[in-house]
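Below you'll find the structure, written out as C-alpha coordinates, and then a few comments.
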Amino acid sequence: IKPLFVLKLEDGGVAFASELGPLMEYAKGSLRLSERGLEEYLFFDANPGESLVEGIFQLEPGQALIWKDGKVQLEKYHQWETQNLKGFAPSEREAGAALWHELKKAVKSSFIADVPVGLLLSGGVDSTLVTLAAAEEFGSGLPAFTIGFEEKGFDESSFAATVAAKAKVELFVEKLTPGRMLESLDSVLSKMDAPLADPSFIPTLFLCQLAKSKVKVVAGGDGGDELFWGYPTYWAHHTSEKIRRIPGAVAFGEWAAERSRIKPGYQSFGWKMKRLFGRWDDEPMMRHLRWMSGTDLAEIQSLRGGRLDLKLKTDYNRELKFAFEKGFSAPWLDLQFYMPVSVLTKVDRASMATGLEVRPPMLSNDFATWAMKLPDEMKLRGKTGKWILREALRQRVPTDILSRPKHGFAIPLFEWLNGPLKSRIDGLLRQSPIWDLHLLDRAVAHRMWTEFQTGKIDAQKTFWALLVLDHWLRRHPGLKGFEV
(Lines give C-alpha, C1' and ligand atoms only; values in the text may rest on other atoms or scores of the structure.)
Protein backbone atom coordinates (compact mmCIF):
# COMPACT_ATOMS: atom_id res chain seq x y z
CA ILE A 1 0.00 0.00 0.00
CA LYS A 2 2.78 2.43 0.90
CA PRO A 3 4.70 3.86 -2.08
CA LEU A 4 8.45 4.06 -2.56
CA PHE A 5 9.77 6.30 -5.35
CA VAL A 6 13.34 5.89 -6.58
CA LEU A 7 15.64 8.22 -8.54
CA LYS A 8 18.81 6.84 -10.12
CA LEU A 9 21.67 9.32 -9.82
CA GLU A 10 24.37 9.99 -12.41
CA ASP A 11 27.16 9.01 -10.01
CA GLY A 12 25.63 5.54 -9.56
CA GLY A 13 23.81 6.32 -6.36
CA VAL A 14 20.10 6.23 -5.66
CA ALA A 15 17.72 8.57 -3.87
CA PHE A 16 14.37 7.38 -2.58
CA ALA A 17 11.31 8.83 -0.87
CA SER A 18 7.72 7.95 -0.05
CA GLU A 19 6.52 10.77 -2.32
CA LEU A 20 7.43 11.98 -5.79
CA GLY A 21 7.87 15.62 -4.75
CA PRO A 22 11.09 15.36 -2.71
CA LEU A 23 12.87 13.55 -5.55
CA MET A 24 11.71 16.21 -8.01
CA GLU A 25 13.09 18.87 -5.70
CA TYR A 26 16.38 16.96 -5.36
CA ALA A 27 16.84 16.76 -9.14
CA LYS A 28 15.46 20.22 -9.85
CA GLY A 29 16.51 21.78 -13.14
CA SER A 30 17.03 18.58 -15.07
CA LEU A 31 13.57 17.06 -15.03
CA ARG A 32 11.79 15.99 -18.19
CA LEU A 33 8.34 14.51 -18.51
CA SER A 34 8.12 10.86 -19.56
CA GLU A 35 6.19 9.97 -22.71
CA ARG A 36 5.71 6.40 -21.51
CA GLY A 37 4.67 7.70 -18.09
CA LEU A 38 2.05 9.98 -19.63
CA GLU A 39 0.50 7.13 -21.61
CA GLU A 40 0.42 4.86 -18.56
CA TYR A 41 -1.20 7.63 -16.53
CA LEU A 42 -3.98 8.08 -19.08
CA PHE A 43 -4.55 4.33 -19.40
CA PHE A 44 -4.28 3.18 -15.77
CA ASP A 45 -5.40 6.46 -14.07
CA ALA A 46 -2.01 6.42 -12.33
CA ASN A 47 1.50 5.08 -12.89
CA PRO A 48 2.18 1.44 -11.98
CA GLY A 49 5.94 1.72 -12.41
CA GLU A 50 7.54 4.59 -14.27
CA SER A 51 6.37 7.97 -13.00
CA LEU A 52 5.40 10.98 -15.09
CA VAL A 53 8.97 12.21 -14.64
CA GLU A 54 11.83 10.55 -16.54
CA GLY A 55 14.30 8.76 -14.29
CA ILE A 56 11.94 8.41 -11.33
CA PHE A 57 10.06 5.17 -10.86
CA GLN A 58 7.97 3.51 -8.19
CA LEU A 59 8.62 0.05 -6.79
CA GLU A 60 5.86 -2.42 -7.58
CA PRO A 61 4.04 -4.27 -4.78
CA GLY A 62 6.19 -7.16 -3.62
CA GLN A 63 9.30 -5.79 -5.32
CA ALA A 64 12.71 -5.15 -3.74
CA LEU A 65 15.50 -2.85 -4.89
CA ILE A 66 19.06 -4.02 -4.32
CA TRP A 67 21.80 -1.39 -4.66
CA LYS A 68 25.37 -2.65 -4.74
CA ASP A 69 28.54 -1.18 -6.19
CA GLY A 70 26.63 1.58 -7.94
CA LYS A 71 24.26 -0.83 -9.68
CA VAL A 72 20.53 -1.21 -9.15
CA GLN A 73 18.81 -4.58 -9.33
CA LEU A 74 15.07 -5.16 -8.98
CA GLU A 75 13.73 -8.43 -7.64
CA LYS A 76 10.19 -9.70 -7.08
CA TYR A 77 9.91 -11.25 -3.63
CA HIS A 78 6.12 -11.70 -3.47
CA GLN A 79 3.57 -12.69 -6.09
CA TRP A 80 -0.09 -13.52 -5.59
CA GLU A 81 -0.43 -17.24 -6.24
CA THR A 82 -3.56 -19.31 -6.65
CA GLN A 83 -2.62 -22.49 -8.50
CA ASN A 84 -0.92 -24.13 -5.54
CA LEU A 85 -3.92 -23.33 -3.33
CA LYS A 86 -6.50 -25.27 -5.32
CA GLY A 87 -7.89 -28.58 -4.11
CA PHE A 88 -9.57 -26.84 -1.17
CA ALA A 89 -13.26 -27.78 -1.51
CA PRO A 90 -15.34 -27.02 1.58
CA SER A 91 -19.10 -27.33 1.57
CA GLU A 92 -21.10 -24.11 1.35
CA ARG A 93 -21.95 -24.37 5.02
CA GLU A 94 -18.31 -24.95 5.98
CA ALA A 95 -17.18 -22.05 3.80
CA GLY A 96 -19.74 -19.72 5.35
CA ALA A 97 -18.64 -20.57 8.87
CA ALA A 98 -14.97 -20.29 7.93
CA LEU A 99 -15.61 -16.90 6.33
CA TRP A 100 -16.84 -15.38 9.58
CA HIS A 101 -14.04 -17.01 11.54
CA GLU A 102 -11.31 -15.75 9.19
CA LEU A 103 -12.85 -12.30 8.80
CA LYS A 104 -13.30 -11.75 12.52
CA LYS A 105 -9.69 -12.78 13.03
CA ALA A 106 -8.56 -10.24 10.40
CA VAL A 107 -10.80 -7.49 11.78
CA LYS A 108 -9.64 -8.13 15.33
CA SER A 109 -6.04 -7.78 14.18
CA SER A 110 -6.78 -4.55 12.33
CA PHE A 111 -8.27 -3.04 15.52
CA ILE A 112 -5.05 -3.46 17.48
CA ALA A 113 -4.14 0.14 18.27
CA ASP A 114 -3.50 2.49 21.17
CA VAL A 115 -5.86 5.06 19.61
CA PRO A 116 -9.58 4.97 18.77
CA VAL A 117 -10.52 2.87 15.71
CA GLY A 118 -13.56 3.36 13.48
CA LEU A 119 -15.10 1.97 10.30
CA LEU A 120 -15.60 3.13 6.72
CA LEU A 121 -19.14 2.04 5.84
CA SER A 122 -20.63 2.49 2.38
CA GLY A 123 -23.49 0.03 2.80
CA GLY A 124 -22.01 -2.29 0.18
CA VAL A 125 -21.34 -5.96 0.81
CA ASP A 126 -17.65 -5.67 1.78
CA SER A 127 -17.88 -2.79 4.25
CA THR A 128 -21.07 -4.32 5.69
CA LEU A 129 -19.24 -7.57 6.44
CA VAL A 130 -16.34 -5.76 8.09
CA THR A 131 -18.72 -3.59 10.13
CA LEU A 132 -20.79 -6.54 11.37
CA ALA A 133 -17.66 -8.53 12.20
CA ALA A 134 -16.25 -5.57 14.17
CA ALA A 135 -19.53 -5.03 16.02
CA GLU A 136 -19.67 -8.69 17.01
CA GLU A 137 -16.10 -8.58 18.25
CA PHE A 138 -16.09 -5.21 20.00
CA GLY A 139 -19.74 -4.45 20.78
CA SER A 140 -22.06 -1.59 19.85
CA GLY A 141 -21.26 2.08 19.56
CA LEU A 142 -18.28 1.92 17.24
CA PRO A 143 -17.99 5.06 15.07
CA ALA A 144 -18.63 4.54 11.33
CA PHE A 145 -18.36 7.04 8.49
CA THR A 146 -19.92 7.47 5.05
CA ILE A 147 -20.28 10.07 2.29
CA GLY A 148 -23.55 10.93 0.57
CA PHE A 149 -24.39 12.77 -2.65
CA GLU A 150 -27.28 15.00 -3.74
CA GLU A 151 -27.60 12.91 -6.91
CA LYS A 152 -29.77 9.93 -5.89
CA GLY A 153 -28.19 7.53 -8.36
CA PHE A 154 -24.85 7.93 -6.56
CA ASP A 155 -26.00 8.26 -2.94
CA GLU A 156 -25.57 5.11 -0.82
CA SER A 157 -25.93 6.75 2.58
CA SER A 158 -29.38 5.22 3.19
CA PHE A 159 -27.93 1.72 2.80
CA ALA A 160 -25.11 2.62 5.17
CA ALA A 161 -27.70 3.84 7.69
CA THR A 162 -29.58 0.53 7.46
CA VAL A 163 -26.42 -1.46 8.14
CA ALA A 164 -25.40 0.89 10.95
CA ALA A 165 -28.74 0.31 12.67
CA LYS A 166 -28.34 -3.47 12.37
CA ALA A 167 -24.77 -3.40 13.66
CA LYS A 168 -25.57 -0.82 16.34
CA VAL A 169 -22.70 1.44 15.31
CA GLU A 170 -22.78 5.24 15.39
CA LEU A 171 -22.90 6.52 11.82
CA PHE A 172 -21.53 9.92 10.79
CA VAL A 173 -22.66 11.12 7.34
CA GLU A 174 -21.43 14.01 5.24
CA LYS A 175 -22.96 15.16 1.95
CA LEU A 176 -20.69 16.08 -0.94
CA THR A 177 -22.54 18.65 -3.05
CA PRO A 178 -21.45 20.03 -6.45
CA GLY A 179 -20.93 23.42 -4.82
CA ARG A 180 -18.66 22.07 -2.12
CA MET A 181 -16.73 20.02 -4.67
CA LEU A 182 -16.17 23.08 -6.84
CA GLU A 183 -15.05 25.41 -4.05
CA SER A 184 -12.60 22.84 -2.66
CA LEU A 185 -11.34 21.40 -5.97
CA ASP A 186 -7.96 23.13 -6.11
CA SER A 187 -7.30 22.35 -2.46
CA VAL A 188 -8.17 18.69 -3.04
CA LEU A 189 -5.96 18.41 -6.12
CA SER A 190 -3.08 19.99 -4.23
CA LYS A 191 -3.15 17.00 -1.88
CA MET A 192 -1.95 14.79 -4.75
CA ASP A 193 1.82 14.56 -4.73
CA ALA A 194 1.65 12.66 -8.04
CA PRO A 195 -1.29 12.84 -10.46
CA LEU A 196 -4.05 10.31 -9.80
CA ALA A 197 -6.95 10.30 -12.28
CA ASP A 198 -9.39 8.35 -10.11
CA PRO A 199 -12.19 10.89 -9.49
CA SER A 200 -13.32 9.02 -6.37
CA PHE A 201 -10.26 10.54 -4.70
CA ILE A 202 -12.51 13.51 -3.92
CA PRO A 203 -15.14 11.69 -1.83
CA THR A 204 -12.41 9.49 -0.35
CA LEU A 205 -10.57 12.58 0.89
CA PHE A 206 -13.75 14.04 2.40
CA LEU A 207 -14.52 10.67 3.98
CA CYS A 208 -11.05 10.54 5.54
CA GLN A 209 -11.41 14.10 6.83
CA LEU A 210 -14.74 13.17 8.41
CA ALA A 211 -13.27 10.07 10.04
CA LYS A 212 -10.17 11.94 11.26
CA SER A 213 -12.42 14.34 13.18
CA LYS A 214 -13.37 11.41 15.44
CA VAL A 215 -10.67 8.72 15.23
CA LYS A 216 -7.12 8.13 14.01
CA VAL A 217 -7.48 4.64 12.53
CA VAL A 218 -10.28 3.05 10.47
CA ALA A 219 -10.94 -0.34 8.91
CA GLY A 220 -12.47 -0.58 5.43
CA GLY A 221 -13.64 -3.18 2.92
CA ASP A 222 -11.01 -2.85 0.17
CA GLY A 223 -10.01 -6.11 -1.50
CA GLY A 224 -13.40 -7.82 -1.44
CA ASP A 225 -14.16 -7.25 -5.11
CA GLU A 226 -10.85 -8.66 -6.30
CA LEU A 227 -10.76 -11.63 -3.91
CA PHE A 228 -14.41 -12.63 -4.30
CA TRP A 229 -15.03 -11.51 -7.89
CA GLY A 230 -17.41 -8.64 -7.29
CA TYR A 231 -16.85 -6.48 -10.37
CA PRO A 232 -19.47 -6.79 -13.15
CA THR A 233 -16.63 -7.17 -15.67
CA TYR A 234 -16.04 -10.70 -14.38
CA TRP A 235 -19.39 -12.11 -15.48
CA ALA A 236 -19.25 -9.87 -18.55
CA HIS A 237 -16.23 -11.89 -19.69
CA HIS A 238 -18.28 -15.09 -19.62
CA THR A 239 -21.02 -13.37 -21.63
CA SER A 240 -18.45 -11.97 -24.06
CA GLU A 241 -17.04 -15.41 -24.83
CA LYS A 242 -20.53 -16.58 -25.76
CA ILE A 243 -21.07 -13.49 -27.92
CA ARG A 244 -17.74 -14.01 -29.64
CA ARG A 245 -18.85 -17.43 -30.87
CA ILE A 246 -21.98 -16.05 -32.55
CA PRO A 247 -21.23 -14.99 -36.16
CA GLY A 248 -21.66 -11.24 -36.60
CA ALA A 249 -22.55 -10.59 -32.95
CA VAL A 250 -19.44 -8.56 -32.12
CA ALA A 251 -19.75 -6.47 -35.30
CA PHE A 252 -23.38 -5.74 -34.47
CA GLY A 253 -22.45 -4.82 -30.90
CA GLU A 254 -19.78 -2.42 -32.13
CA TRP A 255 -22.31 -0.87 -34.53
CA ALA A 256 -24.82 -0.45 -31.69
CA ALA A 257 -22.20 0.95 -29.32
CA GLU A 258 -21.20 3.59 -31.87
CA ARG A 259 -24.82 4.79 -31.99
CA SER A 260 -25.47 4.59 -28.26
CA ARG A 261 -25.35 7.74 -26.19
CA ILE A 262 -24.07 8.12 -22.63
CA LYS A 263 -26.64 9.71 -20.35
CA PRO A 264 -26.57 10.99 -16.76
CA GLY A 265 -26.68 8.40 -14.01
CA TYR A 266 -24.47 5.63 -12.69
CA GLN A 267 -23.15 3.51 -15.57
CA SER A 268 -25.94 4.22 -18.06
CA PHE A 269 -26.83 1.72 -20.79
CA GLY A 270 -24.89 3.75 -23.35
CA TRP A 271 -21.83 3.75 -21.09
CA LYS A 272 -22.02 -0.04 -20.72
CA MET A 273 -22.37 -0.55 -24.48
CA LYS A 274 -19.34 1.62 -25.20
CA ARG A 275 -17.29 -0.21 -22.57
CA LEU A 276 -18.33 -3.68 -23.70
CA PHE A 277 -18.11 -3.26 -27.47
CA GLY A 278 -16.31 0.06 -27.92
CA ARG A 279 -13.30 -1.44 -26.13
CA TRP A 280 -13.68 -4.93 -27.51
CA ASP A 281 -10.68 -7.21 -27.82
CA ASP A 282 -10.77 -10.88 -28.78
CA GLU A 283 -8.07 -11.64 -26.19
CA PRO A 284 -9.77 -11.71 -22.75
CA MET A 285 -6.79 -10.34 -20.81
CA MET A 286 -6.31 -7.39 -23.17
CA ARG A 287 -10.06 -6.84 -23.18
CA HIS A 288 -10.12 -6.70 -19.40
CA LEU A 289 -7.29 -4.17 -19.15
CA ARG A 290 -9.04 -1.98 -21.72
CA TRP A 291 -12.40 -2.28 -19.97
CA MET A 292 -10.81 -1.15 -16.70
CA SER A 293 -8.75 1.64 -18.24
CA GLY A 294 -9.40 5.35 -17.89
CA THR A 295 -8.64 6.23 -21.52
CA ASP A 296 -8.56 3.51 -24.16
CA LEU A 297 -5.49 2.89 -26.32
CA ALA A 298 -6.98 4.32 -29.53
CA GLU A 299 -7.86 7.61 -27.81
CA ILE A 300 -4.41 7.87 -26.24
CA GLN A 301 -2.85 7.36 -29.66
CA SER A 302 -5.07 10.08 -31.16
CA LEU A 303 -4.23 12.49 -28.36
CA ARG A 304 -0.55 11.73 -28.87
CA GLY A 305 -0.75 12.73 -32.52
CA GLY A 306 -0.77 9.16 -33.83
CA ARG A 307 2.05 7.87 -31.61
CA LEU A 308 1.68 5.18 -28.94
CA ASP A 309 4.70 3.92 -26.98
CA LEU A 310 2.64 1.84 -24.56
CA LYS A 311 2.62 -1.80 -25.71
CA LEU A 312 0.62 -3.76 -23.19
CA LYS A 313 1.50 -7.22 -24.50
CA THR A 314 5.24 -6.66 -24.35
CA ASP A 315 5.49 -4.10 -21.54
CA TYR A 316 3.51 -6.32 -19.17
CA ASN A 317 4.42 -9.70 -20.59
CA ARG A 318 5.27 -11.14 -17.17
CA GLU A 319 1.92 -10.14 -15.65
CA LEU A 320 -0.05 -11.34 -18.67
CA LYS A 321 1.83 -14.64 -18.69
CA PHE A 322 0.99 -15.21 -15.03
CA ALA A 323 -2.63 -14.27 -15.69
CA PHE A 324 -2.86 -16.73 -18.59
CA GLU A 325 -1.68 -19.49 -16.26
CA LYS A 326 -4.45 -18.64 -13.79
CA GLY A 327 -7.24 -19.70 -16.15
CA PHE A 328 -9.92 -17.08 -15.43
CA SER A 329 -7.44 -14.24 -15.29
CA ALA A 330 -9.48 -11.05 -14.77
CA PRO A 331 -9.50 -11.04 -10.93
CA TRP A 332 -5.80 -11.83 -10.88
CA LEU A 333 -5.06 -8.94 -13.25
CA ASP A 334 -6.99 -6.62 -10.94
CA LEU A 335 -4.85 -7.78 -8.01
CA GLN A 336 -1.80 -6.73 -10.06
CA PHE A 337 -3.05 -3.49 -11.58
CA TYR A 338 -6.39 -1.94 -10.63
CA MET A 339 -6.27 -2.62 -6.89
CA PRO A 340 -2.71 -1.44 -6.10
CA VAL A 341 -2.39 1.20 -8.84
CA SER A 342 -5.78 2.89 -8.41
CA VAL A 343 -7.80 1.70 -5.39
CA LEU A 344 -5.09 1.42 -2.74
CA THR A 345 -3.18 4.43 -4.08
CA LYS A 346 -6.30 6.56 -3.80
CA VAL A 347 -7.00 5.47 -0.23
CA ASP A 348 -3.37 5.85 0.85
CA ARG A 349 -2.98 9.35 -0.59
CA ALA A 350 -6.30 10.56 0.81
CA SER A 351 -5.75 9.08 4.26
CA MET A 352 -2.16 10.27 4.58
CA ALA A 353 -3.19 13.77 3.52
CA THR A 354 -5.53 13.88 6.53
CA GLY A 355 -3.36 12.04 9.06
CA LEU A 356 -5.65 9.01 9.13
CA GLU A 357 -4.57 5.38 8.92
CA VAL A 358 -6.80 3.07 6.85
CA ARG A 359 -6.46 -0.68 7.35
CA PRO A 360 -8.04 -3.24 4.97
CA PRO A 361 -8.74 -6.46 6.95
CA MET A 362 -9.65 -8.40 3.80
CA LEU A 363 -6.12 -7.89 2.48
CA SER A 364 -4.43 -9.41 5.51
CA ASN A 365 -2.22 -12.29 4.39
CA ASP A 366 -4.21 -15.01 6.16
CA PHE A 367 -7.62 -13.82 4.98
CA ALA A 368 -6.52 -13.16 1.39
CA THR A 369 -4.83 -16.57 1.17
CA TRP A 370 -7.96 -18.28 2.51
CA ALA A 371 -10.16 -16.37 0.04
CA MET A 372 -8.01 -17.37 -2.93
CA LYS A 373 -8.37 -21.03 -1.95
CA LEU A 374 -12.13 -20.96 -2.41
CA PRO A 375 -13.60 -22.67 -5.50
CA ASP A 376 -14.60 -20.30 -8.28
CA GLU A 377 -18.30 -21.19 -7.99
CA MET A 378 -18.35 -19.81 -4.44
CA LYS A 379 -17.34 -16.43 -5.81
CA LEU A 380 -19.25 -16.03 -9.07
CA ARG A 381 -22.59 -17.67 -9.91
CA GLY A 382 -24.26 -16.43 -13.06
CA LYS A 383 -24.27 -12.67 -12.74
CA THR A 384 -23.89 -12.74 -8.96
CA GLY A 385 -20.41 -11.87 -7.77
CA LYS A 386 -19.21 -12.27 -4.18
CA TRP A 387 -21.71 -15.12 -3.83
CA ILE A 388 -20.31 -16.55 -0.60
CA LEU A 389 -20.19 -13.09 0.99
CA ARG A 390 -23.84 -12.48 0.15
CA GLU A 391 -24.80 -15.87 1.56
CA ALA A 392 -22.96 -15.08 4.77
CA LEU A 393 -25.02 -11.89 5.12
CA ARG A 394 -28.39 -13.33 4.11
CA GLN A 395 -29.72 -13.80 7.64
CA ARG A 396 -28.14 -10.64 9.01
CA VAL A 397 -29.18 -7.72 6.78
CA PRO A 398 -32.26 -6.77 4.73
CA THR A 399 -32.56 -8.21 1.22
CA ASP A 400 -32.16 -4.84 -0.50
CA ILE A 401 -28.57 -4.60 0.78
CA LEU A 402 -27.75 -7.87 -0.98
CA SER A 403 -29.86 -7.62 -4.13
CA ARG A 404 -28.89 -4.13 -5.28
CA PRO A 405 -26.41 -3.96 -8.18
CA LYS A 406 -22.71 -3.47 -7.55
CA HIS A 407 -22.06 0.24 -6.96
CA GLY A 408 -18.53 1.58 -6.82
CA PHE A 409 -17.52 4.61 -4.76
CA ALA A 410 -18.15 6.89 -7.73
CA ILE A 411 -18.96 10.56 -8.15
CA PRO A 412 -21.46 11.89 -10.72
CA LEU A 413 -18.60 12.78 -13.06
CA PHE A 414 -20.61 12.95 -16.29
CA GLU A 415 -23.04 15.39 -14.67
CA TRP A 416 -20.33 17.49 -13.05
CA LEU A 417 -18.24 17.76 -16.23
CA ASN A 418 -21.31 18.91 -18.13
CA GLY A 419 -22.30 21.23 -15.28
CA PRO A 420 -20.12 22.92 -12.64
CA LEU A 421 -16.82 21.74 -14.17
CA LYS A 422 -17.64 22.63 -17.79
CA SER A 423 -16.07 26.10 -17.64
CA ARG A 424 -12.97 24.59 -16.04
CA ILE A 425 -12.48 22.21 -18.99
CA ASP A 426 -13.26 24.98 -21.50
CA GLY A 427 -10.52 27.07 -19.92
CA LEU A 428 -8.09 24.15 -19.92
CA LEU A 429 -8.67 23.65 -23.64
CA ARG A 430 -7.88 27.31 -24.27
CA GLN A 431 -4.69 27.45 -22.22
CA SER A 432 -2.73 24.79 -20.35
CA PRO A 433 0.85 23.56 -19.86
CA ILE A 434 -0.40 20.36 -21.51
CA TRP A 435 -0.36 22.16 -24.87
CA ASP A 436 2.61 24.43 -24.11
CA LEU A 437 4.79 21.39 -23.40
CA HIS A 438 3.48 19.55 -26.49
CA LEU A 439 2.24 16.61 -24.42
CA LEU A 440 -1.02 16.06 -26.31
CA ASP A 441 -2.84 17.29 -29.42
CA ARG A 442 -5.19 20.11 -28.44
CA ALA A 443 -7.29 19.83 -31.63
CA VAL A 444 -8.02 16.17 -30.85
CA ALA A 445 -8.92 17.06 -27.27
CA HIS A 446 -11.31 19.77 -28.56
CA ARG A 447 -13.04 17.25 -30.82
CA MET A 448 -13.30 14.70 -28.01
CA TRP A 449 -14.77 17.33 -25.67
CA THR A 450 -17.48 18.19 -28.19
CA GLU A 451 -18.32 14.52 -28.74
CA PHE A 452 -18.32 13.82 -25.02
CA GLN A 453 -20.83 16.56 -24.27
CA THR A 454 -23.30 14.98 -26.67
CA GLY A 455 -22.77 11.55 -25.11
CA LYS A 456 -21.21 10.19 -28.28
CA ILE A 457 -17.98 9.00 -26.66
CA ASP A 458 -16.95 7.74 -23.23
CA ALA A 459 -14.37 10.37 -22.26
CA GLN A 460 -15.29 11.45 -18.76
CA LYS A 461 -12.22 9.80 -17.22
CA THR A 462 -10.05 11.32 -19.97
CA PHE A 463 -11.07 14.87 -19.17
CA TRP A 464 -10.82 14.31 -15.45
CA ALA A 465 -7.28 13.01 -16.05
CA LEU A 466 -6.46 16.16 -18.06
CA LEU A 467 -7.89 18.38 -15.33
CA VAL A 468 -5.72 16.67 -12.69
CA LEU A 469 -2.65 16.76 -14.95
CA ASP A 470 -3.13 20.45 -15.74
CA HIS A 471 -3.28 21.33 -12.06
CA TRP A 472 -0.15 19.27 -11.28
CA LEU A 473 1.85 20.81 -14.15
CA ARG A 474 0.98 24.34 -12.99
CA ARG A 475 2.45 23.47 -9.58
CA HIS A 476 5.69 22.28 -11.22
CA PRO A 477 6.51 24.92 -13.86
CA GLY A 478 10.13 23.86 -14.42
CA LEU A 479 9.41 20.53 -16.10
CA LYS A 480 10.58 20.00 -19.67
CA GLY A 481 8.07 18.74 -22.21
CA PHE A 482 8.28 16.70 -25.41
CA GLU A 483 10.13 17.62 -28.58
CA VAL A 484 7.90 18.50 -31.51
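When reading the values below, keep in mind they use all heavy atoms of this one structure, side chains included, and skip hydrogens, waters and symmetry mates. The chain is numbered in sequence order, starting from 1.
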Check your understanding: Salt-bridged, Glu102 to Lys373, with N to O below 4.0 Å?
Key -> no
Practice item. Please say which of Leu393, Asp400, Thr399 ends up in a side chain to side chain contact (heavy atoms under 4.5 Å, CB included) with Val397. Key: Leu393
Check your understanding: Run the salt bridge (Lys or Arg N to Asp or Glu O under 4.0 Å) check on Arg36 and Glu39 step by step: do they pass?
Key -> CA-CA 5 Å; Arg36 163 71 181 272; Glu39 293 177 359; over 6 Å; no
Review point. Any donor-acceptor pair under 3.5 Å linking the side chain of Glu137 with the backbone of Lys104?
Key: no
Practice item. Ignoring hydrogens and angles, tell me if any N or O in the side chain of Thr369 forms a donor-acceptor pair with the backbone of Asp366 under 3.5 Å. Key: no
Acceptor/donor pairs from residues 341-352 side chains to any protein atom, 3.5 angstrom cut, sequence neighbours excluded:
unit_1 : atom_1 : unit_2 : atom_2 : d
Ser342 : OG     : Asp198 : OD2    : 3.1
Thr345 : OG1    : Pro340 : O      : 2.8
Thr345 : OG1    : Val341 : O      : 3.0
Lys346 : NZ     : Ser200 : OG     : 3.1
Asp348 : OD1    : Lys2   : NZ     : 2.7
Ser351 : OG     : Val347 : O      : 2.8
Ser351 : OG     : Asp348 : O      : 3.1

Exercise for review: Please identify each residue that fulfils side chain to side chain contact (heavy atoms under 4.5 Å, CB included) with Arg245, with sequence neighbours left out.
Suggested key: Glu241, Lys242
Practice item. Only counting residues at least two apart or in another chain, list the ones meeting side-chain hydrogen bond (donor to acceptor under 3.5 Å, both in side chains) with Trp416. Key: Glu151
Review point. Any side-chain heavy atom of Glu299 within less than 4.5 Å of one from Met448?
Key: yes
Check your understanding: For Arg279, what residues pass the side-chain hydrogen bond (donor to acceptor under 3.5 Å, both in side chains) criterion, not counting sequence neighbours?
Key -> Ser293
Review point. Among all residues two or more places apart in sequence or in another chain, which pass the side chain to side chain contact (heavy atoms under 4.5 Å, CB included) test with Lys383?
Key: Trp235
Point to revise | Test ring-ring contact (aromatic ring centres under 6.0 Å, His included) applied to Tyr41 - qualifying residues, sequence neighbours left out | key: none
Practice item. Using distance alone, with no hydrogens and no angle criterion, decide if Asp155 and Ser157 have a side-chain donor and acceptor under 3.5 Å apart. Key: yes
Point to revise | Residue list, side-chain hydrogen bond (donor to acceptor under 3.5 Å, both in side chains) with Ser268, at least two apart or on another chain | key: none
Check your understanding: With Phe414, which residues qualify under ring-ring contact (aromatic ring centres under 6.0 Å, His included), at least two apart?
Key -> Phe452
**Study point:** salt bridge (charged side-chain N to carboxylate O under 4.0 Å, His left out) contacts touching residues 251-262 (sequence neighbours left out)
**Key:** none
Check your understanding: Does anything in residues 43-58 pair up under salt bridge (charged side-chain N to carboxylate O under 4.0 Å, His left out), and if so which pairs, sequence neighbours excluded?
Key -> Asp45-Lys461
Point to revise | Basic-acidic side-chain contact under 4.0 Å: Arg381, Glu377 | key: no
Point to revise | Residues which pass side chain to side chain contact (heavy atoms under 4.5 Å, CB included) with Ala161, listed by chain and number, not counting sequence neighbours | key: Leu171
Practice item. Give a yes or no answer on whether the side chain of Arg290 reaches the backbone of Asp296 with a donor-acceptor pair at less than 3.5 Å. Key: no
Practice item. Under the side-chain hydrogen bond (donor to acceptor under 3.5 Å, both in side chains) rule, collect the residues that match up with Gln73, sequence neighbours excluded. Key: Glu75
